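Note sheet for the following structure.
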Amino acid sequence: MLIRIVKASAVRSSEITPKALYLDRRRFITGAGAIAGSLATGTRMAHAALAPPPGVNTRLSPITEGYRKLGDKDELSSYKAVTGYNNFYEFGTDKSDPAENAHTLTTKPWTVKVDGLCAKPGTLDLDDFLKSYPLEERIYRHRCVEGWSMVFPWVGFSLGDVVKRFEPLGSAKYVQFETLLRPSEMPGQRSSLILPWPYVEGLRLDEAMNPLATLAVGLYGEVLPNQNGAPIRLVLPWKYGFKSIKSIVRVTFTETQPKNTWQVYAPSEYGFYSNVNPTVDHPRWSQATERRIGEFLRRKTLMFNGYAEEVGQLYTGMDLVQNF
Ligand code: MTE
């Protein structure tokens with residue numbers, strides 16, 4: 001199931017930074033505290049600015065190497081940016097709100113209910129459940145519908161492997177995900193004017209089975225910070241970020257297409273598929289370019305966020321404009 005980088009052409013000059021990360025990741029895994037001696041001091045210092053400060057969160061291990069494909073100019077976004085510039089409306093609507101407020105969320109114990117059209121429904125304790133899935137590091141581009149983007153290493157596993165375990169029935173065509181509803185710990189949920197709660201997302205079953213679709217439990221080698229969707233969230237790098245639902249407590253197999261939160265909130269602006277597409281503008285702004293956080297100039301947005309080779313076949317024959 002794992003896609004590995006095989007083509008030299010797919011891994012370009014930008015590999016310099018991921019390599020530093022890879023070496024540093026070995027430090028996370030071994031806990032030895034020593035970075036491989038061959039790293040140039042400059043690179044090490046540059047990377048130190050990207051990575052989490054020591055002891056910020058619990059390190060995850062072991063982590064094997066998963067999917068990563070970077071473009072010419074992709075460099076890793078800093079841990080500070082990834083964990084300080086967020087969308088998580090349950091904790092407020094400003095980009096800094098989740099980092100400031102999400103400490104109130106209790107993530108242990110955590111259960112996920114699996115129901116709907118599947119042969120093996122149930123309620124899972126997350127800690128037990130995670131033991132059966134080897135963790136992988138996957139470096140993906142992350143593109144928000146608002147026009148900003150980042151690149152960083154997630155830690156997680158294939159959503160498809162999890163889906164299979166519950167044995168969806170032949171009638172199951174979609175899978176719906178739901179975020180925790182706990183207004184006592186999620187202040188944004190105390191107002192129904194912000195969004196309809198709980199936050200809901202959905203995928204077609206074959207999209208969920210695509211090897212790029214990830215359930216993430218960490219980033220930068222460490223346990224997922226609350227503001228990034230702890231303890232478990234979706235990551236769908238070919239879709240706009242709002243599809244990547246955070247803090248999941250329920251997974252439901254359905255025959256009909258689920259309605260996702262943003263679609264319900266503003267149907268003329270947000271759709272079900274929401275694949276990154278530079279040729280289809282948002283009604284209020286262009287999607288042709290994006291601002292990579294930490295950079296000054298805007299860059300061109302890529303079709304399917306650069307993952308057309310991996311996911312394009314899912315949409316053969318579909319009108320991607322109609323099906324935004
Ligand atoms: N999930 C929930 N439950 N609530 C949210 O507000 N925001 C979405 C998505 N998942 C959101 C969510 C949006 S708009 C984006 S761009 C990404 O999370 C942001 O993920 P990040 O903060 O880790 O970058």
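In this text the structure is predicted, and so the values were computed from the model without any measurement. Just so you know, ligand 1 is whichever comes first in the structure, and atom 1 is the first atom listed for that ligand. Residue numbers count from 1 along this sequence.
Rounding to the nearest 0.5 Å places CE of Met186 at 8.0 Å from OG1 of Thr104. Rounding to the nearest 0.5 Å gives a distance of 13.0 Å between OG1 of Thr261 and CD1 of Ile194. Considering CD1 of Ile293 and NZ of Lys80, their distance stands at 12.5 Å, rounded to 0.5 Å.
The protein heavy-atom contact nearest to atom 19 (C) of ligand 1 is Asn87 O, 3.7 Å. Among protein heavy atoms, atom 23 (O) of ligand 1 sits closest to Arg233 NH1, 2.7 Å. The nearest heavy-atom contact from the protein to atom 4 (N) of ligand 1 is Glu90 OE1, 2.8 Å.
Distances from ligand 1 to the non-hydrogen atoms of Lys243 include no value under 4.0 Å. Residue Gly229 places every heavy atom at 4.0 Å or more from ligand 1.
In summary, the atoms of ligand 1 found under 4.0 Å from a heavy atom of Ser244, numbered by their order in the structure, are 9 (C), 10 (N), 18 (O). Residue-ligand proximity, Cys144 to ligand 1, at heavy-atom distances under 4.0 Å covers atoms 16 (S).
Between Tyr89 and ligand 1, at least one pair of N/O atoms sits closer than 3.5 Å. Residue contacts with ligand 1: Thr179 is placed with a nitrogen or oxygen under 3.5 Å of a nitrogen or oxygen of the ligand (distance criterion only). Between Trp154 and ligand 1, not a single N/O pair is under 3.5 Å apart. Below 3.5 Å of separation, one finds no N or O of Tyr85 facing any N or O of ligand 1. Note: no N/O pair closer than 3.5 Å links Trp148 and ligand 1 by distance alone.
Side chains of Arg298 and Thr289: a donor on one and an acceptor on the other come within 3.5 Å. In the model, Thr252 has a side-chain atom that pairs as donor or acceptor with a side-chain atom of Asp115 under 3.5 Å. A donor-acceptor contact under 3.5 angstrom links the side chains of Ser149 and Glu290, judged on distance only.
Closest heavy-atom approach to atom 1 (N) of ligand 1 within the set Glu146, Lys246, Arg143, Met150: this belongs to Lys246. For the residues Gln227, Glu178, Met186, His142, the heavy atom positioned nearest atom 24 (O) of ligand 1 is part of His142. Summarising the contacts of atom 5 (C) of ligand 1 with Tyr199, Phe242, Phe91, Trp197, the nearest heavy atom is found in Tyr199. Comparing heavy-atom distances from atom 15 (C) of ligand 1 across Gly241, Ala99, Gly188, Ser77 singles out Gly241 as nearest.
Checked against Phe304 for a ring pair (Phe, Tyr, Trp, His ring centres under 6.0 Å), the options Tyr315, Tyr140, Tyr273, Tyr240 give a single hit: Tyr315. The residue from Pro225, Pro153, Pro52 that alone fulfils the side chain to side chain contact (heavy atoms under 4.5 Å, CB included) condition with Leu219 is Pro225.
Contacts with ligand 1 closer than 4.0 Å are made by no heavy atom of Glu201, backbone or side chain.
For the residue pair Tyr199 and Ile245, the shortest heavy atom distance occurs at O-CD1, 3.4 Å.
The local environment of NZ in Lys259 is sparse, with at most 12 non-hydrogen atoms from other residues, nucleotides or ligands closer than 6.0 Å.
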Could you walk me through whether Leu215 and Arg233 satisfy the side-chain contact (heavy atoms from CB on, under 4.5 Å) test, starting with their C-alpha distance in whole Å, then the side-chain angles of each, then the deciding distance to 0.1 Å, before giving a yes or no?
CA-CA 6 Å; Leu215 278 169; Arg233 70 171 291 173; over 6 Å; no
